Protein chains: 2
Amino acid sequence: MAELTGVQKQYILHWGEMGTRWGINRTVAQIHALLYLSPRALPAEEIAETLSVARSNVSTSIRELETWGIVRAVHVLGDRREHYESMKDVWEMFRLVVEQRKRREIDPTREMLRKSLEELDPKEAGADFTRERIAAMAGFFDAVTELHDQMKQLPTGTVRKLLRMGTKMRKKAG
Amino acid sequence: MAELTGVQKQYILHWGEMGTRWGINRTVAQIHALLYLSPRALPAEEIAETLSVARSNVSTSIRELETWGIVRAVHVLGDRREHYESMKDVWEMFRLVVEQRKRREIDPTREMLRKSLEELDPKEAGADFTRERIAAMAGFFDAVTELHDQMKQLPTGTVRKLLRMGTKMRKKAG
DNA sequence: CCGACCATTCAGTATAGACAGAAATTATAG
DNA sequence: CTATAATTTCTGTCTATACTGAATGGTCGG
């Protein structure tokens, strides 16, 4: 993995860009891409060299990936360094990331909306309108949460099967 | 809407932060929040004043929101200025944004993965491994696309109903 | 066709976040 | 316990992007 092939480079760079578009640090995303493509766990130093970034940057980024639970440190006999490897299961990786982001972003937003509805002074001008709008948004986030909770319990593939059922139902109904 | 209430301020600021975490410009998100809460369409000038940003900034941001189709210009009798209003339907707004982002980000990623699989030189060291990994990722994105296409066709609420069915099925099965 | 009013574009500036390198901390072998 | 290797933390620098203000372009009433 010291030298990257063209395809590997392309993948890593693209993944980095995707990361930035979704609010994920470019280096974090690139490191994940590298580890995902690597057939063996890599020490921080090798990651830094391969991607031409500072070791410290690798350290911080790895830490974030560990927080998400999609990268972990493994030990190699006769080597004191930590070697890092990425989870292999793509569905599980995304599930973990989605779950964390829900916790970090969706949940606080729901909380904010709930508080807003509480704090709303009915005597304020246009309070009814504001309440209606915020309630609608809160309803949406509640639904998303419900959806998420239900999906979490289903084995991979079931969701798609169910949706296909729905599509058929819809076609029959016209 | 010239003066914002506490609740409105809170909502707009939070929405702006959420935006940045998802790769959406803070001002764009804030303007959307303002318009979403506004009972009437607002002219650019008023938006700029209310949020304390430059008019030009408002112009660019509104343009982006229009691209997404969640904000549109309306005309008010006796006023030459454009007034902007946000879509009201929360589900529809998110559906539009998801669809656009899929087109801009998911689709090109699938394309990249497909090309990678084509370009992979089988003689390269570890080509089999790389192929397997990229194929797994491509499979995931294909599934997501399929999911998205199916969901698009379903009326609001159906998805949740189906998922509840799935949960029940799963519980019965143990 | 002119003047006023809006909206947009553009070039320069400011700022937030990413990143590097040094310093500090922790761990391990001898 | 010490020396060395590895990792993490921290501070300053840099870069990408957001944003401003000025200039430009367009539209409408008169």
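Just so you know, these numbers use all the heavy atoms, side chains as well, and skip hydrogens, waters and symmetry mates. Protein chains get the first letters and strands the later ones, always in sequence-line order, with residue 1 at the start of each. Please read all numbers here as calculations on a predicted model, not as lab measurements.
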Sugar-phosphate only, base, or nothing, as touched by B:Glu45 at under 4.0 Å among non-hydrogen atoms: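 No contact.
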Integer-rounded Å distance: [N] [atom2] and [X] [atom1]:
X       : N      : atom1 : atom2 : answer
B:Leu77 : D:dG29 : CG    : P     : 12 Å
B:His83 : C:dA7  : NE2   : C1'   : 13 Å
B:Asp79 : D:dT27 : CG    : P     : 17 Å
B:Glu66 : C:dA7  : CD    : P     : 11 Å
A:Leu42 : D:dA6  : CG    : C1'   : 16 Å
A:Glu64 : C:dC19 : CD    : C1'   : 14 Å
B:Glu82 : C:dC5  : CD    : P     : 17 Å
A:Arg21 : C:dG17 : CZ    : P     : 19 Å

Every protein N/O lying under 3.5 Å from an N/O of nucleotides 17-24 of chain D:
from: D:dA18; atom 1: O5'; to: B:Asn25; atom 2: ND2; distance (Å): 3.0
from: D:dC19; atom 1: OP1; to: B:Thr27; atom 2: OG1; distance (Å): 2.7
from: D:dC19; atom 1: OP2; to: B:Asn25; atom 2: OD1; distance (Å): 2.8
from: D:dC19; atom 1: OP2; to: B:Asn25; atom 2: ND2; distance (Å): 3.2
from: D:dC19; atom 1: OP2; to: B:Thr27; atom 2: OG1; distance (Å): 2.6
from: D:dC19; atom 1: O5'; to: B:Asn57; atom 2: ND2; distance (Å): 3.4
from: D:dT20; atom 1: OP1; to: B:Ala54; atom 2: N; distance (Å): 3.4
from: D:dT20; atom 1: OP2; to: B:Ala54; atom 2: N; distance (Å): 2.7
from: D:dT20; atom 1: OP2; to: B:Asn57; atom 2: ND2; distance (Å): 3.0
from: D:dG21; atom 1: N7; to: B:Ser56; atom 2: OG; distance (Å): 3.3
from: D:dG21; atom 1: O6; to: B:Ser56; atom 2: OG; distance (Å): 2.9

Ion pair B:Arg26/B:Glu17, N-O distance below 4.0 Å: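 B:Glu17 and B:Arg26: salt-bridged.
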Heavy-atom check, side chain of A:Asp121 versus side chain of B:Val7, under 4.5 Å: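 No, every pair of side-chain atoms sits at 4.5 Å or beyond.
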Along DNA chain D (nearest heavy atom to each residue), the more 5'-positioned of A:Arg80 and A:Arg63: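 With A:Arg80 and A:Arg63 compared, the 5'-side residue is A:Arg80.
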Flag for B:Ser38-B:Glu85: side-chain donor and acceptor within less than 3.5 Å: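 Side chains of B:Glu85 and B:Ser38: no pair found under 3.5 Å.
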Working for side chain to side chain donor-acceptor pair (under 3.5 Å), residues A:Asp79 and A:His75: CA-CA 7 Å; A:Asp79 196 334; A:His75 292 275; over 6 Å; no
Pi-cation contact, A:Trp22 with B:Arg101 (under 6.0 Å, within 45°):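 So B:Arg101 does make the cation-pi contact.
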A:Leu13 reachable from A:Leu34 in the ILVMFWY side-chain graph, under 4.5 Å edges: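 Different clusters: A:Leu34 never reaches A:Leu13 through Ile, Leu, Val, Met, Phe, Trp or Tyr contacts under 4.5 Å.
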